[in-house]
Amino acid sequence: MALLSKKDSKLILDPLADNNPITIQVLGICSALAITAELNASIVMAISVIFVLGVGNVVISLIRNIIPSKIRIIVQLTVVATLVIIVDQVLKAYAYTLSKELSVFVGLIITNCIIMGRFEAFALGNGVWRSFLDGIGNALGYGVILIIVGFFRELLGSGTLLGIEVLGNPVDKTGLYAFGYENNGFMLLSPMALIVVGIIIWVQRHKNKALIEDH
Amino acid sequence: MSKRTDSNLYTLLFAVGMVVVVGFVLAFLAEVLKPTITENKRLEKQQNILYAMGINENEGSAANFVSTEEAPKLFKEYIKKQLIIQNGEVEEDTTAYLIDIKKEKTLAKDADYDRRLPLFVGEKEGKTYYIAPIRGKGLWDAIWAYIAMDENMVVQGAYFDHKAETPGLGANIKQRFFMDDFIGENLLSDGRFKGINVSKSNADPRNQDKTDNEVDAIAGATITGDGVSAMISSDLRLYVPYFESLNK
């Protein structure tokens, strides 16, 4: 491994599967329910979180030795909120159309528990480079699940992917719809996101029995 | 273990320092970027108004504005008059499009205040368009629209937008499949104002019946849809006297 040592690459790869923030740690569920009705929104959210968590982890790691432990949660919250607002303002000035797409996500990023979770659990106790990798890794793990859920919800709920009608047109009855196929409108509602996440959790634990917690 | 960072004084100083630094950074950034952001919003209004009267760069099923570089030129070219209607009196004003509908709505809660209603008169290929901005509430936050009508209050075009509706559900009011449904719908019914209802039960997904004062709703976006109906009903109603005076 030329670029990353074995320990470092584990920081990136672990959260993708065996220590996934959504399916294993069950964090960040709220935003996973809120914005996965279409694939496009899932991808945008995934990219935003990769950025915020990567940079946020670095900032927290840099100041980890001077943060007073009594108010560390507030400090972490301030760091996330500041980062998100800076990005939002800059986009509003120089990429207005994109910022309008993102406006809904701003609040969801600040309250995303994965971000606070990684700050608290990792960045506070580790060096800058490792914190950066950990941030990127966890955000990727989160993004992967978001994109899987978004894929199924948009495909089964609206019959489209990224807005393209892959199953035909439901009004004109072309493609699959000609054979009597109907979109499942229920897929667009948040409860189905929870059920899709549940199915992913089930499949993952079925494949890797070591992940099953005993109670 | 007693660390330097555990003392109350340090905690307090850190908190104060953090607030000052963060406050300074954010305030500085906001001030620096403010002119650019205001300009973006001004151009967006022009793009929205032009979009409603059919001057856009729509391709396939995506809604596309004219470019921000061209917007001011096209706005001058196509928008012949900008009117402010206040207490039945009509005045021309070239900055009418900058009126903040949100502020006007708040001020109008005071019964003594005469709300200023902006209306833009555009001309394209010999046809006159009357474009009115409206504003209301969606599920999470504000929704607004620019509705272009002919002199009989038949919708000629519409542009909807929102602040924070759910992506994939309520946010779809700014998709063409929803906005284009409004074209051709009559806001009047038997000569009286009825509005346009976003209906879940009109059983007309292709929207071929243009006289039913209804368009097809979006599945999973009931509250946003109701907000659209309510905003059309409450805001466009105010323009009825003006249209009546046109047809006298």
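So you know, we letter chains A, B, ... as the sequences are listed, proteins then strands, and number each from 1.
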Worksheet item: Under 6.0 Å from the NZ atom of K105(B), do we count more than 12 heavy atoms belonging to anything else shown?
Response: yes

Worksheet item: Is any side-chain heavy atom of T36(B) closer than 4.5 Å to a side-chain heavy atom of K92(A)?
Response: no

Discussion item. Under a 4.5 Å cutoff for heavy-atom pairs, which residue among T68(B), D161(B), T38(B), V25(B) has the most contacts with chain A?
Written reply: D161(B)

Worksheet item: Side chain, backbone, both or neither: which part of D141(B) has a non-hydrogen atom closer than 4.5 Å to chain A?
Response: neither

Worksheet item: Where on L189(A) is there a heavy atom nearer than 4.5 Å to chain B: the side chain, the backbone, both, or neither?
Response: side chain

Discussion item. Just so I know, are the side chains of Y10(B) and I66(A) near enough to count as touching, which here means a heavy-atom distance under 4.5 Å?
Written reply: yes

Practice prompt. Go through the atoms of E44(B) and report whether side chain, backbone, both or neither lie under 4.5 Å from a heavy atom of chain A.
Written response: side chain

Fill in: Heavy-atom pair count under 4.5 Å with chain A, highest-scoring of K41(B), E165(B), E39(B)
K41(B)

Discussion item. Less than 4.5 Å to any heavy atom of chain A: does that hold for the side chain of T11(B), its backbone, both, or neither?
Written reply: both

Worksheet item: Non-hydrogen atoms of chain B under 4.5 Å away: do they reach the side chain of V90(A), the backbone, both or neither?
Response: both

Worksheet, complete the sentence: With chain B, the option among P68(A), A81(A), G157(A) that has the most non-hydrogen atom pairs under 4.5 Å is P68(A)

Discussion item. In the structure I gave you, are the side-chain heavy atoms of Y96(A) and L43(B) within less than 4.5 Å of one another anywhere?
Written reply: no

Worksheet item: For T82(A), is it the side chain, the backbone, both, or neither that has a heavy atom closer than 4.5 Å to a heavy atom of chain B?
Response: both

Practice prompt. Answer yes or no: is there a side-chain heavy-atom contact under 4.5 Å between Q89(A) and L26(B)?
Written response: no

Practice prompt. Begin from the C-alpha positions of L33(B) and Y94(A) and carry the test side chain to side chain contact (heavy atoms under 4.5 Å, CB included) through to its verdict.
Written response: CA-CA 9 Å; L33(B) 298 177; Y94(A) 300 110; 3.6 Å; yes

Worksheet entry | Heavy atoms from other residues, nucleotides or ligands near NZ of K10(A) exceed 12 (cutoff 6.0 Å) | no

Worksheet, complete the sentence: So, the part of K34(B) with a heavy atom under 4.5 Å from chain A: the answer is neither

Worksheet, complete the sentence: Max heavy-atom pairs within cutoff under 4.5 Å with chain A, candidates N40(B), V19(B), L29(B), V32(B), goes to N40(B)

Item to complete: Given side chain to side chain contact (heavy atoms under 4.5 Å, CB included), test E38(A) with N172(B) step by step and report yes or no.
Response: CA-CA 11 Å; E38(A) 52 184 25; N172(B) 282 349; 4.2 Å; yes

Worksheet item: Taking atom NZ of K137(B) as the centre, does the number of heavy atoms from other residues, nucleotides or ligands within less than 6.0 Å exceed 12?
Response: no

Worksheet entry | Structural part of V79(A) lying under 4.5 Å from a heavy atom of chain B | neither

Discussion item. If we define contacts as heavy-atom pairs under 4.5 Å, which of S99(A), A93(A), A41(A), S158(A) has the most with chain B?
Written reply: A93(A)

